[in-house]
Structures are given as structure tokens and as C-alpha cells.
Amino acid sequence: RGPLRVELDYLPAVDARELAEVLPEAKIEDAGDLFRAAREVRLPQETALHRRHTRAAERAIQIAFAFAAEGGITERQIYARMQDALLTLGGGVIPFLTLSSGPERTYSTHNHPSDRVAQPGDLLLVDMVGFFSGLYTDMARTAVVGEATAEQKAMYRRARGVQQEVMHAVRPGMTAGEAYEKYLRAVKTHGASYTYRYAGHSTGYQVVEEPVMTTGSDLVLRAGMVLCVEVKDRIQGVGAVQLEEMFLLTDHGPEQWTDLMASNELPEIR
């Protein structure tokens with residue numbers, strides 16, 4: 001006869017109807033916000049499992065990028081190699097992926113893999129979401145096939161500089177809106193030409209969870225959250241660089257999880 005608090009986002013309609021029938025005097029209330037808030041900060045065993053999945057996902061990207069060095073490889077083949085490696089390394093699948101190569105395709109946003117062959121001198125960009133039995137990973141990497149040009153290197157350094165400045169500036173107690181303001185200032189400081197509507201977000205049981213680092217958000221960052229910082233820069237005729245790191249926010253700052261390809265210089269695939 002009392003209130004029954006349920007995470008209604010995940011309750012099938014048929015079960016909700018049955019609950020109402022068998023408990024006609026109960027008051028069914030939505031507890032989605034309560035559960036989401038409880039999950040924002042991870043327990044140690046959750047953190048350890050999530051970090052292992054993150055390592056497997058980044059390693060899969062590394063393996064697929066190395067495959068592109070063989071030459072004559074299409075974007076779809078790179079994607080297939082990435083999915084195969086993700087499944088082999090951690091039993092994961094890829095529910096969402098942006099993968100593109102060359103000046104025109106990397107310049108635009110959220111391109112799916114095509115039959116385009118990655119050519120020497122091409123930027124190769126991937127934003128990959130991995131899914132491992134209930135937990136998501138989310139990271140982005142950019143490399144160049146062969147030798148990089150001066151413009152490509154400079155663009156990568158700008159994006160990397162913005163990303164690192166923001167990631168190392170976030171602290172528990174800061175609001176997500178304050179983190180976004182730091183991102184906007186870092187874009188100006190490093191001379192980047194591209195800004196996005198958010199600078200990062202939490203990830204884990206959904207791909208994008210609150211807090212999202214966007215303008216005006218008063219949600220507070222807390223120790224124990226798993227966060228992403230995502231930065232992109234682009235130049236017409238050259239292409240784009242996109243980088244996204246995952247890290248655990250601790251009382252002492254970020255503990256970066258994605259470190260296999262976390263280079264300060266544009267990686268060259270040879």
C-alpha cells in the first residue's frame with residue numbers, strides 16, 4: 001500500500017501493467033534519477049572491470065590501425081579488424097563507430113566506414129564505442145598513414161594541447177559547466193579552430209551519462225566518476241583530428257585509462 005520506487009526507464013510496459021494489477025493500492029513512482037545518481041560514482045570492483053574493458057578497446061583500435069599500414073586497406077576492412085580484435089580481446093562489440101580517412105571525410109562529422117582505401121598521407125580517424133556485457137567504453141584516436149605533414153602535426157598538437165589542459169584541470173567539486181568554460185578558454189589559448197557543444201561526459205552504463213560538460217551545467221564532478229574528455233580540430237583541405245580519453249576522476253585529479261596511443265605527437269602508421 002506504500003510507494004514502490006522503480007527505475008521506469010528499464011521496466012517493460014507489460015511488467016508495469018502487471019505490477020499495477022497485482023498491487024492496485026501501491027503507488028508506483030519513478031526512481032530513475034535516484035539510481036542514476038547512485039551509479040555516477042563507481043565501486044572499486046566496477047572500476048577495475050571497466051578499466052580492463054577500456055584497455056581492450058584501445059588495444060583493438062591499435063591493432064586495426066596497424067593493419068592499415070599494409071596498404072590497399074579500406075575503411076570497412078579496418079572496422080572489421082577492429083571488431084574482430086575487440087571480440088577476441090574482451091568479448092566486446094561495437095554499437096557505434098565513426099571511422100573515416102582522408103581530408104574530406106575526416107573533416108565532416110560522424111562518417112561511417114566506407115569502401116574508401118586509406119592512402120599514404122591520409123589522416124585516419126576513429127571514434128569508437130565498445131560494449132562489454134553492460135558497460136560501455138568511449139574513445140577517439142587519430143593517426144596518419146605513413147609520414148605526416150607539418151599542417152597535420154600542428155593540428156594534432158593543438159587538439160592534444162586543449163584536451164590535456166582540460167583533462168588535468170577537472171577536479172572533484174567543480175561543476176560540469178565550469179569544466180566546459182575551461183575547454184572554451186583552452187581552445188582559444190591553443191589556437192584551435194573548432195568547438196563542440198560539450199567537452200566531455202561520464203560513461204559506463206550508458207554511452208553518454210551525466211554529468212555532461214556543457215555550458216551552464218551545475219552538476220558537480222565527483223571522485224569515482226569515469227569521464228571522457230573529447231576534443232576535435234579541423235582544417236578545410238587537410239582534414240580533422242579527434243581525440244577522446246577516458247579517465248577515473250580521483251581526489252587528486254584524473255587517473256588516465258587510455259594510454260596505449262596517448263601520444264603528444266601525431267602517430268604515424270608504417
- Query: Does the side chain of F67 reach to within under 4.5 Å of the side chain of I73, using non-hydrogen atoms?
  - Reply: yes
- Task: Would you indicate whether the side-chain heavy atoms of E18 and P12 approach each other to under 4.5 Å?
- Result: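 The answer is no, as the side chains (C-beta and beyond) never meet within the 4.5 Å cut-off.
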Expected output: side-chain [X] to main-chain [Y] donor-acceptor under 3.5 Å:
X    : Y    : value
E46  : L43  : yes
E244 : V231 : no
S100 : N111 : no
Q256 : L248 : no
E209 : Q206 : yes
E268 : A148 : yes
T250 : P254 : no
S217 : M213 : no

I'd like to know if [X] pairs up with [Y] as an ion pair, taking the criterion as any Lys NZ or Arg NE/NH1/NH2 lying under 4.0 Å from an Asp or Glu carboxylate oxygen.
X    : Y    : result
R171 : D251 : no
R55  : D259 : yes
R105 : E75  : yes
E165 : K182 : no
R141 : D127 : no
E151 : K153 : no

- Query: Under 3.5 Å, is there a donor-acceptor pair between the T258 and E245 side chains?
  - Reply: yes
- Do the side-chain N and O atoms of T137 and H53 include a donor-acceptor pair separated by under 3.5 angstrom?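 Note: T137 and H53 side chains miss the donor-acceptor criterion.
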Euclidean distance, [Y] [atom2] relative to [X] [atom1], rounded to 0.5 Å:
X    : Y    : atom1 : atom2 : answer
R42  : T47  : CZ    : OG1   : 7.5 Å
E210 : R39  : CD    : CZ    : 13.5 Å
Y10  : Y205 : OH    : OH    : 11.0 Å
R157 : Q152 : CZ    : CD    : 11.5 Å

- Message: Hydrophobic clusters here meaning ILVMFWY residues chained together by side-chain heavy-atom distances under 4.5 Å, can you tell me if L227 and V208 are in one?
- Response: yes
- If you draw a 6.0 Å radius around CD in E255, do more than 12 non-hydrogen atoms from other residues or ligands fall strictly inside? yes
- Message: Taking NE2 in H168 as the centre, count heavy atoms belonging to other residues, nucleotides or ligands within less than 6.0 Å. Is the count above 12?
- Response: yes
- Item | NZ or CZ of R234 within 45° of Y107 ring axis and under 6.0 Å | yes
- Task: State yes or no: are the ring centers of Y198 and Y196 separated by less than 6.0 Å?
- Result: yes
- Item | Exercise: identify the closest heavy-atom pair between T175 and D218 |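 Nearest heavy atoms, T175 then D218: CG2-O, 3.9 Å.
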